[in-house]
Every structure is written in C-alpha cells, then in structure tokens.
Amino acid sequence: MEPMRLPHHVPRLPRPPRLRLRPWLRPRLRLRGRGAPAFWPRFRGALHDPRTATAIGRWLGLAVLVCFLTGLTSHYVQRPPDWLADVLPSRPSWGYRVTQGLHVVSGIAAIPLLFAKLWTVYPRLFMWPVARSVRHALERLSVAVLVAVSLFQLFTGLVNTTEWYPWPFSFVPVHFAMAWVFMGALLLHVAVKLPEIRDHWGPRSPGSLALPAEDVPNRRSLLIGTAAAVGAVTVTTVGQSVTPLKALDLLAPRHPDHGPQGLPVTRAAAAAGTVSVPEATWRLTVAGPRPYELTLAELRAMPQVEAELPIACVEGWSKNAHWTGVRIRDLLDRAGAPPGSRVRVVSLERRGAYRVMEMGASYAEDPLTLLALRLNGQVLSPDHGYPARVIAPNRPGVWQTKWVGRLEVL
Ligand SMILES: Nc1nc2c(c(=O)[nH]1)N[C@H]1C(S)=C(S)[C@@H](COP(=O)(O)O)O[C@H]1N2
Ligand SMILES: [Mo]
C-alpha cells in the first residue's frame with residue numbers, strides 16, 4: 001500500500017504493534033522452502049493445516065489411548081506375571097467383555113481417524129528442505145516411526161479379528177511389543193508438537209484467528225465426514241459384542257447368533273480333533289494331594305450350579321450364555337487343594353495354543369467358575385467343548401478351555 005501523505009501539522013501516530021504470528025499460525029503453511037527443485041510438489045489446498053490436524057488428532061488420540069489401555073489390560077489378564085496371577089479380580093463377571101469390546105471398538109474407530117489425520121498432514125512429507133537440522137531430521141524420523149507403527153497395529157489388529165494371520169510372526173507378542181513402540185513415538189510426537197496443539201486446541205485459541213474464513217465450512221465438512229465414517233464402521237461392527245445392536249452387525253466377522261446352541265465358535269471341534277469324545281471312556285482326572293477320577297455320570301451327579309456368564313473372545317465378539325455345571329472349587333476341595341491354590345486345566349485337544357490353561361486363585365475360588373456340562377439348557381455340543389469345558393467370570397475367551405480332560409492343583 002502507498003504510504004499516506006500526512007500534512008505537516010498532523011503529528012505522526014505511533015505505529016500499531018505488528019502481529020507476529022508463530023510460523024504454524026500463519027494461515028498457509030510454507031512447506032516448500034527456497035531452492036526446491038521444480039518438480040517438487042507444492043500444495044495450495046486448504047485443510048492441511050495444524051488446526052485441522054489438531055482437531056482430528058484429539059479424537060484419534062482418545063481412540064488410541066483407550067485402545068492402548070484396554071490392550072494392556074487384555075495382555076496382563078491373558079498372561080499375568082506371577083505376582084498378579086492370584087489377585088486378578090474375577091468380578092465383575094462382564095469386566096473383560098467390556099474392556100475387550102472397547103479395545104476392538106476403539107481400534108476400528110481409529111482406522112478412519114488415522115486416514116483422515118494422514119490426509120491432513122501428508123503434504124508435510126514433501127517438505128523442502130527435507131531436513132533443516134539434525135534435530136529436525138530426528139523429529140521427522142520419529143513421525144515416520146509413529147505412522148508406520150500405527151498402520152501396523154491397526155492392520156494386524158483388524159486382520160486378527162477375522163482370524164486371518166498373513167504374516168510369519170506370532171500376533172500376540174508382536175502386537176504387544178509394537179504397542180509400546182507406538183506409545184513411545186506418540187508421547188514424543190505430542191511433546192514436540194505441544195506448542196502447536198496448545199495454539200489450536202480450543203475454539204478461541206490463537207490458531208483460530210489465523211484461519212482464512214473460507215476454510216471454516218470446509219473444515220467443518222471434513223470433520224463431519226470423518227465423524228460419519230467413524231460412526232458407520234462402529235455401528236456396523238459393535239453388534240458383535242453389544243448384543244442389542246446385533247441387527248446392525250453387517251461388517252463384523254462374527255454375528256452373536258450364528259453358531260451351535262446360539263453361541264459363536266472360534267475354534268471348532270473339527271479343528272481341534274475332538275468331534276466325538278466317547279462318553280464311556282472319558283474321565284475327568286483331578287491331580288492334587290488326593291487325586292481322583294470321575295466319569296461323566298459321576299460328574300453329573302455332583303451338585304450342579306447355574307450361571308449367566310459371557311464368552312468374551314479376544315477377537316472382539318462376546319455374548320452371554322446360560323451355563324450349568326460343577327464348581328471348580330468343589331472339584332479342587334475334593335482333591336484336598338489347600339486354600340489359594342492355582343489350577344492347571346488340560347484339554348483333550350492334541351495341539352493348539354490354548355490346550356493348557358492356568359487359572360489364579362481368585363478365579364479358581366470364585367463360586368461362578370464352573371466346569372460346565374450344559375449350555376443354554378442343552379448338553380454341550382462338540383463345538384462348545386463336550387463333554388466338559390471351563391467357564392469363569394471376567395476371563396478372556398481364550399482361557400475358557402473346551403474339551404477338558406484333566407485338572408491339576410498347583
Ligand atoms: N481347548 C480349547 N479351548 C478353547 C479354545 C481352544 O482353541 N482350545 N478356544 C477358546 C476361544 S479363543 C474362545 S473365544 C472360546 C469360545 O468358546 P465357544 O466356541 O464355546 O463359544 O473357547 C476357548 N476355548
Ligand atoms: Mo477367542
């Protein structure tokens with residue numbers, strides 16, 4: 001603008017202070033510094049700004065935090081260290097159902113959120129110069145790790161819910177280890193970006209002033225679209241564990257009603273080689289200070305207890321069922337187990353990661369922990385563990401051992 005010519009007699013007004021914006025508050029990010037080659041991409045589109053990244057990052061952060069904490073819970077409930085094994089609570093009976101349901105729900109919700117976030121920030125991949133300093137290079141490297149691990153965790157987790165394992169490593173230890181790498185990279189990322197996050201967090205934070213007005217409705221549309229995508233994937237999968245919504249369960253690998261005796265099956269009797277267990281020769285062997293054996297008829301003659309307990313599969317489906325059977329506690333007492341004993345349960349299945357299970361004292365002593373013989377009013381079907389299977393409150397599905405042949409007091 002042309003400087004205004006002021007008449008001599010008018011005193012010069014003091015200049016208003018210039019608003020100095022921090023670099024990330026400038027409305028359009030300059031990612032392409034001087035000296036970039038002509039072929040280097042340039043971005044003029046809106047919504048690749050820190051404010052949009054912060055808005056989506058908030059939701060993504062919440063989803064991955066829930067996913068991380070429920071994942072840790074699941075891991076330590078499945079493989080507790082020795083000091084934890086006897087004190088893990090066996091109540092509430094639906095506890096694991098809720099935490100594992102949340103793990104899968106938050107993981108699935110994080111997928112559209114992660115893609116929206118990556119779309120918002122991808123122009124930064126083409127920043128020029130590629131690195132301004134060693135510090136900047138390390139910062140970019142940490143983002144590369146974060147993006148790679150996020151994609152890895154969400155992909156392996158999603159594929160695991162379908163029981164498809166297209167990789168040469170074992171899922172559980174790798175998914176668990178990568179969760180820590182992810183958390184480390186995420187904390188570093190949040191620490192580095194903290195000033196930007198602060199400037200763009202609230203509706204009246206400084207970042208909102210720097211926003212070109214025409215971007216506001218665009219951003220709103222992007223956020224609504226992302227929310228709709230999250231809602232759609234959630235509503236079409238959550239019915240696998242939230243049974244009132246089961247009618248909407250269109251994309252989940254399991255439907256709560258599909259399976260023998262009204263309950264899904266993860267590992268079928270055919271896969272375990274236990275399709276026909278002969279009643280005449282089957283025995284329950286109980287090893288302990290006073291070992292003994294029981295026939296199925298003897299087991300059926302013992303006091304029967306009924307319980308309403310869920311199977312909560314780690315793969316994400318869960319459902320309540322009505323179980324009838326003998327208290328594990330009664331079976332252990334009869335073997336002369338001292339109070340506070342753990343129990344090892346061995347399945348008739350010849351091979352399989354879940355053939356042998358150990359249960360801490362809190363579960364073994366819970367009056368709802370049963371060696372179940374009946375499910376929903378019928379003798380257990382082969383797929384549900386005929387002739388006898390474990391059902392315990394607040395336990396992951398993988399440890400609800402089917403086709404039980406032997407109990408050992410530890
Ligand atoms: N012996 C044995 N028991 C097992 C399994 C197994 O592979 N082997 N799978 C478990 C898993 S992963 C789940 S989710 C539950 C499912 O029980 P259901 O098939 O009766 O619904 O059984 C568990 N019991
Ligand atoms: Mo499972």
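Whatever order the structure lists them in is the order used to number ligands and atoms, beginning at 1.
Using a 4.5 Å heavy-atom cutoff, the side chains of Phe182 and Leu146 are in contact.
Residue Pro264 has at least one heavy-atom neighbour below 4.0 Å for each of these atoms of ligand 1: 18 (P), 19 (O), 21 (O). Atoms of ligand 1 found under 4.0 Å from any heavy atom of Thr401 (numbered from 1 in listed order, with element): 1 (N), 3 (N), 24 (N). Those atoms of ligand 1 that come under 4.0 Å of a heavy atom in Arg267, given as number and element, are 6 (C), 7 (O). Using a 4.0 Å cut-off to heavy atoms of Cys313, the atoms of ligand 1 that qualify are 14 (S). Of all atoms in ligand 1, listed by their number and element, those nearer than 4.0 Å to a heavy atom of Ser347 are 1 (N). Atoms of ligand 1 lying under 4.0 Å from at least one heavy atom of Trp403, given by number and element, are 1 (N), 2 (C), 8 (N). Taking a cut-off of under 4.0 Å to the non-hydrogen atoms of Leu263, the atoms of ligand 1 that pass are 21 (O). For ligand 1, the atoms lying closer than 4.0 Å to a non-hydrogen atom of Trp317 are 21 (O).
A salt bridge is defined here as a Lys NZ or Arg NE, NH1 or NH2 lying under 4.0 Å from an Asp or Glu carboxylate O, and Asp383 with Lys402 fails to meet this definition. The pair Arg254-Glu315 does not meet the salt-bridge criterion, since no charged nitrogen lies less than 4.0 angstrom from a carboxylate oxygen. Taking the charged nitrogens against the carboxylate oxygens, Arg219 and Asp49 do have a contact shorter than 4.0 Å, which makes a salt bridge. Of the charged side-chain nitrogens involved, at least one lies within less than 4.0 Å of a carboxylate oxygen, so that Arg91 and Asp366 count as a salt-bridged pair. Checked for salt-bridge contact, Glu358 and Arg344 meet the test: a charged N lies under 4.0 Å from a carboxylate O.
Remark: minimum distance from atom 2 (C) of ligand 1 to any protein heavy atom is reached at Glu349 OE1, 3.2 Å. In this structure, the protein non-hydrogen atom closest to atom 19 (O) of ligand 1 is Lys402 NZ, 2.5 Å. Summary of contacts: the protein heavy atom closest to atom 12 (S) of ligand 1 is Val398 CG1, 3.5 Å.
Here the shortest heavy-atom distance to atom 17 (O) of ligand 1, taken over Gln400, His384, Arg389, belongs to Arg389. Across Gly405, Gly397, Ala312, heavy-atom proximity to atom 10 (C) of ligand 1 is greatest for Gly397.
Below 30°, between 30° and 60°, or above 60°: for His255 and His258 the angle between ring planes is below 30°, a parallel geometry. Taking the six-membered ring where the residue is Trp, Trp119 and His48 present tilted rings, their angle falling between 30° and 60°. Using the six-membered ring where Trp is involved, Phe169 and Trp167 have ring planes that are parallel, under 30° apart on the 30 and 60° scheme.
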